[in-house]
Amino acid sequence: MDINVRDLILLQFGLEQKFMTLDQIGAMFFPENRELFNWPMKCVRKLVNDGFLYVEKPGFCKPALYRVTRKGAALLRQHDLSSGLGAIEKIDTRSWEHDLWVTDVRIVF
């Protein structure tokens, strides 16, 4: 397990926002590399394979959603980066669209 600073910040952002799409991850953390299925996807896949991120493709939206796992939240707590937040176990179908928009706005600012 080779976790770098960008991985920790990505996990921290994901925990704060509840979940993210690959497009959002690319825009926020890999602006220099817009080829989403190149370097950004490799980094995200590593976090998924190591158990820090969970990817799901819910039927209520088109993109896959990435959320921080309990293991990812524990890693953030070890580095004092969790802000007291815990991992969510399920994406709320009532507010997922709003949550995506909030993340988009946060990325802009």
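The figures that follow rest on heavy atoms only: side chains count, while hydrogens, waters and symmetry mates do not.
One hydrophobic cluster, built from ILVMFWY side chains closer than 4.5 Å, cannot hold both V102 and L85; they sit in different ones. A continuous path of Ile, Leu, Val, Met, Phe, Trp and Tyr side chains, each step under 4.5 Å between heavy atoms, connects L76 with I3, placing both in one hydrophobic cluster. With hydrophobic clusters built from ILVMFWY side chains whose heavy atoms lie under 4.5 angstrom apart, M28 shares a cluster with V5. Using a 4.5 Å cut-off between side-chain heavy atoms of Ile, Leu, Val, Met, Phe, Trp and Tyr, with links allowed through other members, V44 and L75 fall into the same hydrophobic cluster.
The CG atom of L11 sits 12.5 Å away from the CZ atom of R6 when rounded to the nearest 0.5 Å. Separating the CZ atom in F52 from the CG atom in L8 is a distance of 8.5 Å, to the nearest 0.5 Å. Rounding to the nearest 0.5 Å places CD1 of I9 at 8.0 Å from CG of L81. Interatomic distance, S95 OG to K18 NZ, rounded to the nearest 0.5 Å: 4.5 Å. How far NZ of K90 is from CD of E56: 10.0 Å, rounded to the nearest 0.5 Å. Distance CE/M41 to CG/L22: 6.0 Å, rounded to 0.5 Å.
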Would D50 and K71 count as a salt bridge (Lys or Arg N to Asp or Glu O under 4.0 Å) if you check the C-alpha gap in whole Å, the side-chain angles of each, and the deciding distance to 0.1 Å?
CA-CA 9 Å; D50 289 345; K71 182 179 177 181; over 6 Å; no
Run L10 and L53 through side-chain contact (heavy atoms from CB on, under 4.5 Å) and show every step you take.
CA-CA 10 Å; L10 187 155; L53 279 180; 4.1 Å; yes
Apply side chain to side chain donor-acceptor pair (under 3.5 Å) to residues Q17 and T103 and explain how you reach the verdict.
CA-CA 6 Å; Q17 297 305 119; T103 300; 3.0 Å; yes
List the steps and the verdict of side-chain contact (heavy atoms from CB on, under 4.5 Å) for L47 and Y66.
CA-CA 10 Å; L47 293 171; Y66 295 84; over 6 Å; no
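Taking all atoms of both residues into account, the shortest heavy-atom contact from A73 to V68 is N-CG1, 3.5 Å. Of all the heavy atoms in P63 and C61, the pair that sits closest is O-SG, 3.5 Å. The minimum heavy-atom distance between I107 and A27, with the atom names listed, is CG2-CB, 4.1 Å. Closest approach of M20 and I25 over heavy atoms only: CE-CG1, 3.8 Å. A pairwise comparison of heavy atoms in D2 and D7 identifies O-OD2, 3.7 Å as the closest pair. Nearest heavy atom pair, residue E16 against residue S83, reads OE2-OG, 4.0 Å.
Within the 4.5 Å cutoff, the side chain of T21 has heavy atoms near those of the L65 side chain.
Comment: E89 does not engage R67 in a salt bridge, judged by the lack of any side-chain N to carboxylate O separation of less than 4.0 angstrom.
Atom CG of N4 has more than 12 heavy atoms from other residues, nucleotides or ligands within 6.0 Å. The environment of R70 atom CZ is sparse: at most 12 non-hydrogen atoms of other residues, nucleotides or ligands sit within 6.0 angstrom.
Side-chain atoms of Q24 come within 3.5 Å of backbone N or O of L100 as a donor-acceptor pair.
Classification of the F13-F29 ring pair by plane angle, with boundaries at 30° and 60°, yields perpendicular.
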